[in-house]
Amino acid sequence: MTLLTRRATLRLAATSFALPLAAAMARADGHATNHTVVIKDFAFTPANLQIKAGDTVTWVNQDSAQHSAWESTNNAFDIGLLSTGQSASLTFARAGAFNYRCRPHGNMRGSITIS
Ligand SMILES: [Cu+2]
């Protein structure tokens, strides 16, 4: 399972949290959905996303500034800084809920709820 598609270094950085999630990988039915969160004007859209276990979320930075998506409470994920036009993807294997923020811009916030 590829958790991150942005670049190899990011994929390695994701391993520490990827393994427990992978153990609970729920949907082998091929119906996983890829959701897109657009980063623009210093905001995540949609800011609050509801997905199913096994779905993938791709953040796309359409802003002029660099942004990230970082689950800061437990450091569950951090996609790293995305420059203009860059994207990063994460697959969420099991139910849960995450609040995340942009690392350099703490007022940029979003959430992902996985059922
Ligand atoms: Cu930002």
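Along the sequence shown, the residues carry numbers beginning at 1. All ligand and atom numbering here is 1-based and tracks the order in the structure.
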Practice item. Mind telling me whether Phe98 and Phe92 have parallel, tilted or perpendicular rings, with 30° and 60° as the class edges? Key: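 Judged by the thresholds at 30° and 60°, the geometry between Phe92 and Phe98 is tilted.
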Review point. What class does the angle between the rings of Phe44 and Tyr100 fall in, given that below 30° is parallel, 30 to 60° is tilted and above 60° is perpendicular?
Key: perpendicular
Review point. Got Ile51 and Thr33 here, is their nearest side-chain heavy-atom distance under 4.5 Å?
Key: no
**Study point:** Residue list, side chain to side chain donor-acceptor pair (under 3.5 Å) with Ser111, at least two apart or on another chain
**Key:**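 Ser111 satisfies side chain to side chain donor-acceptor pair (under 3.5 Å) with Asn48 once adjacent residues are dropped.
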Point to revise | Asn34: side chain to side chain donor-acceptor pair (under 3.5 Å) partners, not counting sequence neighbours | key: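 Testing Asn34 for side chain to side chain donor-acceptor pair (under 3.5 Å), a comparison that skips the adjacent residues, returns Thr58.
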Review point. For residues 97-107, which residue pairs qualify under salt bridge (Lys or Arg N to Asp or Glu O under 4.0 Å), counting only residues two or more places apart or in two chains?
Key: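 Applying salt bridge (Lys or Arg N to Asp or Glu O under 4.0 Å) to every pair that reaches into residues 97-107, excluding sequence neighbours, yields Asp78-Arg103.
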Exercise for review: Could you count the protein N, O or S atoms found under 2.8 Å away from the Cu ion (ligand 1)?
Suggested key: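 Number of qualifying protein atoms: 4.
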